[in-house]
Amino acid sequence: MRWSNLFIPTLRDAPADAEAASHKLLVQGGFIRQLHAGHYSLLPLGLKVHDKVERIVRDEMDSIGAQEFLLPAMHPASIWRESGRWEVMGDEMFRLTDRKGADLALGMTHEEIFTTLALEISSYKTLPQIWYQIQWKFRDEPRPKSGLLRVREFAMKDSYSFDLDEAGLDANFRLHHDAYVRIFDRLGLPAIPVEASSGSMGGSGSTEFMVPSDAGEDDVVRCPNGDYAANLERATSALPAVADRSELTDLVRFPTPGIRTIAALEEVEGGAPAVHQIKTMVMVLDGEITLALVRGDHQLNIQKLLDASGAIELRPATPEETLEHLGANPGSLGAVGVEGKRIIADESLRGRVGLTTGANEDDWHYTGVSVERDIAVDQWADLREVSAGEACPVCGTDLEIARCIESGHIFKLGTKYSEVLGATVLDPDGKNVPLVMGSYGIGIGRAVAAIAETHRDDRGLIWPVSVAPYEAVITVVSIKDEASMTAAEALYSDLRSRGIDVVLDDRNARAGVKFADSELIGIPFRVTIGPRALADGQVEFTARRSGETERVSLDSVADLLAGAVSAAR
RNA sequence: CGGGACGUGGCGCAGCUCGGUAGCGCACCUGCUUUGGGAGCAGGGGGUCGUGGGUUCAAAUCCCGCCGUCCCGACCA
């Protein structure tokens with residue numbers, strides 16, 4: 001392509017309301033434009049990168065035997081009602097009504113639709129199957145942000161595996177895991193596979209692929225030794241044992257005027273260190289008042305509570321609700337003697353004695369609490385959030401917490417969808433069994449943003465060759481110099497015939513403008529053709545990432561460039 | 001959903017306090033000069049000042065409503 005004919009609207013300044021580096025650079029470099037919050041137009045340059053990411057994903061999916069489909073983006077409500085997710089998805093699903101008054105939804109994901117197609121799989125002999133598509137997803141995010149990182153409309157590669165049994169699912173899960181490792185490697189993304197929560201997808205296991213970045217929205221707990229990595233929503237750590245204050249055998253109610261916090265209760269006469277306190281949090285799970293108990297020095301992780309309880313909707317109780325149901329205000333709450341309310345307690349409290357907690361009357365607390373004896377716990381679960389510096393559950397090393405972009409997610413769904421939608425096959429014994437499913441996603445646009453986030457410097461983007469909008473640019477310093485243009489045209493045509501994705505910068509602009517633009521949009525290799533060097537039969541070859549420039553002969557530059565490109569592809 | 005900030009040409013901003021019918025830089029068009037790191041001079045085009053209402057002789061500016069965009073929060077009892 002000739003730059004003079006292209007629409008690459010680069011900006012001198014980044015838009016003022018952009019915060020994330022990828023957002024600024026993708027707008028400034030003329031890759032994307034915002035239509036409204038969470039909806040972006042891909043400009044030609046942006047689409048080229050998007051396409052190249054798609055191509056790599058397709059290539060790796062095909063390599064594990066996956067077959068490409070294209071399913072509708074708009075679905076009837078009935079199929080979502082059948083799976084039970086019409087309600088589960090809540091406000092995050094875009095819903096609309098057609099002229100006949102029928103309820104429709106814009107697809108957030110396609111388990112239901114693919115499973116419906118899988119109704120036609122009738123024999124174990126056709127298993128396993130891996131089906132995928134790259135299709136637009138619509139999610140009414142509460143807060144779209146950071147350019148392409150969190151949007152309401154985006155292309156996603158979603159694949160689904162269908163197997164006769166768990167062993168088959170494990171094999172397909174492993175195939176996807178390895179394909180994802182290769183995909184992220186080819187995209188230049190240092191993705192870490194981590195244990196994750198399954199959220200509204202359901203299922204027995206899931207792994208997220210997390211790219212460390214300040215612009216991320218998830219926290220990953222990981223061991224520097226590399227033997228443990230998990231999403232903060234799932235992570236555990238090895239806790240040192242606590243010696244109970246077992247001398248406090250009797251339940252004693254004592255006055256604590258004005259004491260409202262764990263910290264204050266540590267200081268007060270008759271109080272207790274935080275490890276000997278119970279923190280009682282009043283939450284509303286699907287409309288039901290529930291007490292969540294963690295150790296005084298621990299923090300509750302909301303996602304863990306959601307996962308443990310199976311609840312769809314969760315919010316903290318209002319002060320009014322708390323007062324109505326427990327009879328006291330926050331700061332004096334506890335679960336001792338509470339009946340008729342669901343109580344979920346963290347594992348670290350199991351069997352503990354000699355504890356201190358609120359007495360459900362303002363300005364009063366209990367001490368000498370035995371969890372077994374005094375609290376009617378309905379469910380034990382891992383509810384506490386890991387902090388940096390705690391011990392790795394595998395090797396004991398201090399754990400680190402890193403901000404990450406969730407770039408891929410693979411789930412073992414099991415039979416959740418096949419059962420409700422009736423997708424069964426006959427097994428070798430002639431028995432009808434539900435398909436065992438997995439589901440696997442990669443956000444294409446988010447991958448583009450994640451690459452931009454991790455491949456840049458103060459001059460702009462530095463695309464990996466595999467996804468660069470152009471692999472090389474020929475910068476003609478002076479288009480009025482006939483010898484320059486002749487040489488440039490010949491090189492351009494040579495490179496194109498070698499299959500290199502090259503752009504000829506033939507704009508009538510100053511050299512500085514051309515250099516700055518090519519650096520901003522991140523083209524990996526540049527050949528600069530200027531009158532002075534050309535007089536000696538020389539041109540310049542510059543690698544964007546290192547910034548190093550070498551003088552080479554015009555005759556040899558095509559070979560050099562072709563070699564560099566194919567080595568980096 | 002809670003809090004904060006913002007909305008003036010394609011981008012970045014000033015003007016608003018104190019009302020008088022819109023300006024700067026970049027970008028764009030024309031001409032001349034220039035030409036290896038975002039050129040200079042001269043001339044020019046482009047704006048319902050987010051939107052609806054109100055006050056006023058007069059509103060970008062003051063008042064009220066709405067819409068939109070961005071950021072933070074939505075566990076720490």
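Computed from a predicted structure; not experimentally measured. Just so we're on the same page: letters track the sequence lines, and every chain starts at 1.
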Reading 5' to 3' through nucleotides 68-77 of chain B, protein heavy-atom contacts under 4.0 Å coded B for base, S for sugar-phosphate only, - for none: -SSBB--BBB
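Taking a cutoff of 4.0 Å between a charged side-chain nitrogen and a carboxylate oxygen, A:Lys304 and A:Glu385 do not qualify as a salt bridge. Between A:Glu361 and A:Arg253 there is a salt bridge, since a side-chain N of the basic residue sits under 4.0 Å from a carboxylate O of the acidic one. One finds a salt bridge joining A:Asp140 and A:Arg152 here, because a Lys/Arg side-chain nitrogen approaches an Asp/Glu carboxylate oxygen to under 4.0 Å. Ion pairing between a basic and an acidic side chain is recognised when a charged N comes within 4.0 Å of a carboxylate O; A:Glu195 and A:Arg234 show such pairing. Between A:Glu19 and A:Lys24 there is no salt bridge, since no side-chain N of the basic residue sits under 4.0 Å from a carboxylate O of the acidic one. A:Arg139 and A:Glu92 are not joined by a salt bridge, as no carboxylate oxygen comes within less than 4.0 angstrom of a charged side-chain nitrogen. Using a cut-off of 4.0 Å between Lys/Arg side-chain N and Asp/Glu carboxylate O, A:Arg342 and A:Asp378 are scored as not salt-bridged.
Using atom P as the reference point in both B:rC63 and B:rG20, the two lie 15 Å apart (nearest Å). Rounded to a whole angstrom, the distance from the C1' atom of B:rG19 to that of B:rU55 is 11 Å. Rounded to whole Å, the separation between the P atoms of B:rA60 and B:rU8 comes to 15 Å. Nucleotides B:rG2 and B:rC75 place their P atoms 14 Å apart, quoted to the nearest Å. Rounded to a whole angstrom, the distance from the C1' atom of B:rC26 to that of B:rU48 is 25 Å. Going from the C1' atom of B:rA14 to that of B:rG23 covers 7 Å, rounded to whole Å. The gap from the C1' atom of B:rU34 to that of B:rA42 amounts to 15 Å, rounded to the nearest Å. Taking atom P in both B:rC13 and B:rC64, the straight-line distance is 26 Å, to the nearest Å.
Across the strands present, B:rG38 finds no partner; the criterion is a Watson-Crick or G-U wobble pair with both atom distances under 3.5 angstrom. Judged by Watson-Crick or G-U wobble contacts below 3.5 Å, the nucleotide B:rU51 has B:rG65 as its partner. B:rA60: no Watson-Crick or G-U partner with both key distances under 3.5 Å is found in any strand. With a 3.5 Å ceiling on both atom-pair distances, the Watson-Crick or G-U wobble partner of B:rC1 is B:rG73. Here B:rG45 sits opposite no nucleotide as a Watson-Crick or G-U wobble pair (both hydrogen-bonding atom distances under 3.5 Å). Across all strands shown, B:rG23 forms a Watson-Crick or G-U wobble pair, both distances under 3.5 Å, with B:rC13.
Taking atom CD on A:Glu92 and atom C1' on B:rC1, their separation rounds to 14 Å, with Å as the unit. The interatomic distance linking A:Asp517 (CG) with B:rC11 (C1') rounds to 14 Å, in whole Å. Atom pair A:Gln538:CD and B:rG36:P shows a separation of 19 Å (rounding to whole Å applied). Between A:Lys514 atom NZ and B:rA39 atom P there is a gap of 13 Å when expressed in whole angstrom units. Rounded to whole Å, the distance from CZ on A:Arg544 to P on B:rG37 is 17 Å. A:Leu11 places its CG atom 8 Å from the C1' atom of B:rG10, with the value rounded to the nearest Å.
Among the atoms of the strands shown, base atoms are found under 4.0 Å from some heavy atom of A:Arg526. Within the nucleic acid shown, A:Arg459 comes within 4.0 Å of at least one base atom, counting heavy atoms only. Counting any heavy atom pair closer than 4.0 Å across all strands shown, A:Thr475 reaches no nucleic acid atom.
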Set out, line by line, the N/O atom pairs under 3.5 Å between protein and nucleotides 27-35 of chain B.
residue: B:rU34; atom: O2; partner: A:Arg510; partner atom: NH1; Å: 3.1
residue: B:rU35; atom: O4; partner: A:Lys480; partner atom: NZ; Å: 3.1

N/O to N/O distances under 3.5 Å, protein versus nucleotides 4-9 of chain B:
none

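Within the structure, the salt bridge (Lys or Arg N to Asp or Glu O under 4.0 Å) test picks out the following pairs touching residues 536-547 of chain A (sequence neighbours left out): A:Asp457-A:Arg544.
Relative to the six-membered ring of A:Trp80, A:Arg95 misses at least one condition, a distance below 6.0 Å or an angle of at most 45° to the axis.
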Less than 3.5 Å apart, which donor and acceptor atoms pair up between the side chains of residues 256-267 of chain A and the rest of the protein, not counting sequence neighbours?
residue: A:Thr256; atom: OG1; partner: A:Asp363; partner atom: O; Å: 3.3
residue: A:Thr256; atom: OG1; partner: A:Trp364; partner atom: N; Å: 3.4
residue: A:Thr256; atom: OG1; partner: A:His365; partner atom: ND1; Å: 2.8
residue: A:Arg260; atom: NH1; partner: A:Asp363; partner atom: OD1; Å: 3.1
residue: A:Arg260; atom: NH2; partner: A:Asp363; partner atom: OD1; Å: 3.3
residue: A:Thr261; atom: OG1; partner: A:Ala264; partner atom: N; Å: 3.0
residue: A:Glu266; atom: OE2; partner: A:Ala274; partner atom: N; Å: 2.9

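With sequence neighbours left out, the ring pair (Phe, Tyr, Trp, His ring centres under 6.0 Å) criterion links A:His23 to A:Tyr40.
Results of the side-chain contact (heavy atoms from CB on, under 4.5 Å) test with A:Thr322 over A:Thr280, A:Ile289, A:Leu333 single out A:Leu333 as the only residue that passes.
A donor-acceptor distance shorter than 3.5 angstrom exists from the side chain of A:Arg403 to the backbone of A:Gly216, with no hydrogens or angles considered.
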